[in-house]
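Everything on this sheet refers to the single structure shown next.
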Amino acid sequence: MNKNPYWELMADGLWRNNVIFTQLLALCPLMAVTTTATNGLGMGLVTLLVLVASNVLVSLIRNQVPSQIRIPIFTLLIAALVTLVDQAMNAWLHDLHRVLGLFIALIVVNCAILGRAEAFAVKNRPLASAVDGLATGLGFTLGLVIVGGCREILGSGTLFAGASLLLGPQFHFMELTILPGYRGFLLMMLPPGGFIMMGLLLGGIRLGKRLTSKEHANDSVAPAAEAQGGCQP
């Protein structure tokens, strides 16, 4: 049975080839904006929008761009998209724009965006490129929210604090107090706390993969041993 290539792209972007947890890219915005899950969600969604748009545009012009100058052209294209998103956020999501600040402009040099344009979009059709950008952006957003959520819970005992202020009043339901009366842990709200949390999460992921691989190995060995034993005289 043939696997759906779009589902494979989604699985790669979300987990198997995740920008943060597998490739360890875009660590600068990760450490800076993930003091809360809300900031991570906002940064992730903005990056997702730019990823999808840049992948589609690069795929559309891939046959017209000379290979010798493709990187500067792709960079200018991404910079134009980021400028449009930056101005739109300043107009309609000013509070979130004020929090993310400089890191919106730094999306231009996000290795994941230029990397997907060079590694995938320039070689594939627009639909596949859009799916790849969506998957990569969702994986990046997931990583930011996980790291930001863990840091926020340990740092202040809340989750998605300020969601209604940054994203709109309809997101008030997301604001949770996980640890009532918690006095906070300042280290988790500082950049060193981001590195510590990232190390703990990576260690947990590696341990989980190792345990899962051992279980699969044991499951595959057991039927083989039974079959071998049944053939003995």
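Side-chain contact between M10 and V131: present, with at least one pair of heavy atoms (C-beta onward) separated by less than 4.5 Å. Using a 4.5 Å cut-off on side-chain heavy atoms (C-beta onward), I20 and L144 make contact. Between F74 and S54 the shortest side-chain heavy-atom distance does not fall below 4.5 Å. Contact of the F21 side chain with the L142 side chain is not registered, since no non-hydrogen atoms from C-beta on lie closer than 4.5 Å. In this structure the side chain of I196 reaches within 4.5 angstrom of the side chain of M188, judged on heavy atoms. Side-chain contact check for T34 versus M197: every heavy-atom pair is 4.5 Å or farther apart. The closest side-chain heavy-atom distance from R16 to E8 is below 4.5 Å. For the pair L57 and L81, the minimum side-chain heavy-atom distance is below 4.5 Å.
Linking ILVMFWY side-chain heavy atoms closer than 4.5 Å, directly or via other members, places L106 and L77 in a single hydrophobic cluster. M189 and M198 end up in different hydrophobic clusters when Ile, Leu, Val, Met, Phe, Trp and Tyr side chains are linked at under 4.5 Å. The cluster map of Ile, Leu, Val, Met, Phe, Trp and Tyr, joined by side-chain heavy atoms under 4.5 Å apart, puts I78 and L76 in different clusters. Note on F140: it clusters hydrophobically with W15, by side-chain heavy-atom contacts below 4.5 Å among ILVMFWY residues. Hydrophobic clustering (ILVMFWY, side-chain heavy atoms < 4.5 Å, transitive): I61 and L84 are in distinct clusters.
In this structure, CG on L30 lies 9.5 Å from CG on L24, to the nearest 0.5 angstrom. Here the straight-line distance linking atom CG of L201 with atom CD1 of I205 works out to 6.0 Å at 0.5 Å rounding. Note that CG of L41 and CZ of F171 are 7.5 Å apart. Values are rounded to the nearest 0.5 Å. In this structure, the separation between CD on E152 and OG1 on T158 is 3.5 Å, given to the nearest 0.5 Å. Atoms CG and CG, on L138 and N18 in that order, are 10.5 Å from each other to the nearest 0.5 Å. Interatomic distance, CG of L14 versus CG of L9, reported as 10.5 Å (0.5 Å rounding).
Side-chain atoms of T38 and T36 form no donor-acceptor pair, as typed in the model, at a separation below 3.5 Å. No side-chain donor from either of R210 and S213 sits under 3.5 Å from a side-chain acceptor of the other. Counting only N and O atoms by type, the side chains of D132 and N124 include no donor and acceptor under 3.5 Å apart.
Side-chain atoms of Y182 never come within 3.5 Å of backbone atoms of T177 as a donor-acceptor pair (strictly under, hydrogens ignored). When atom types are taken as modelled, the side chain of E118 and the backbone of I71 share no donor-acceptor pair closer than 3.5 angstrom. Between the side chain of T141 and the backbone N or O of G44 there is at least one donor-acceptor pair closer than 3.5 Å. Formation of a donor-acceptor pair under 3.5 Å by the R151 side chain with backbone atoms of M31 is found in this model.
Of all heavy-atom pairs spanning V122 and V58, the tightest one is N-CG1, 3.9 Å. Across all their heavy atoms, L60 and P126 have their closest contact at CD2-CG, 3.5 Å. Listed here is the closest heavy atom pair of V52 and A130: CG2-O, 4.2 Å. Taking both residues in full, the closest heavy atoms of R116 and N17 are given as NH1-ND2, 4.3 Å, listed atom of the first, atom of the second, then distance. For the pair M174 and A163, the tightest heavy-atom approach, listed with the atom from each and the gap, is CB-CB, 4.3 Å. M43 and I104 make their closest contact through CE-N, 4.4 Å (heavy atoms, listed as atom of the first residue, atom of the second, distance).
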Taking it one step at a time, do S59 and R62 satisfy side-chain hydrogen bond (donor to acceptor under 3.5 Å, both in side chains)?
CA-CA 5 Å; S59 179; R62 67 187 189 280; 3.3 Å; yes

Residues S129, F120; criterion side-chain contact (heavy atoms from CB on, under 4.5 Å); working and verdict:
CA-CA 7 Å; S129 299; F120 191 91; 4.2 Å; yes

Could you walk me through whether Q87 and H97 pass the side-chain contact (heavy atoms from CB on, under 4.5 Å) check?
CA-CA 9 Å; Q87 295 302 313; H97 180 272; over 6 Å; no

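Looking at V108, L114, I113 one by one, the single match for side-chain contact (heavy atoms from CB on, under 4.5 Å) with N110 turns out to be I113.
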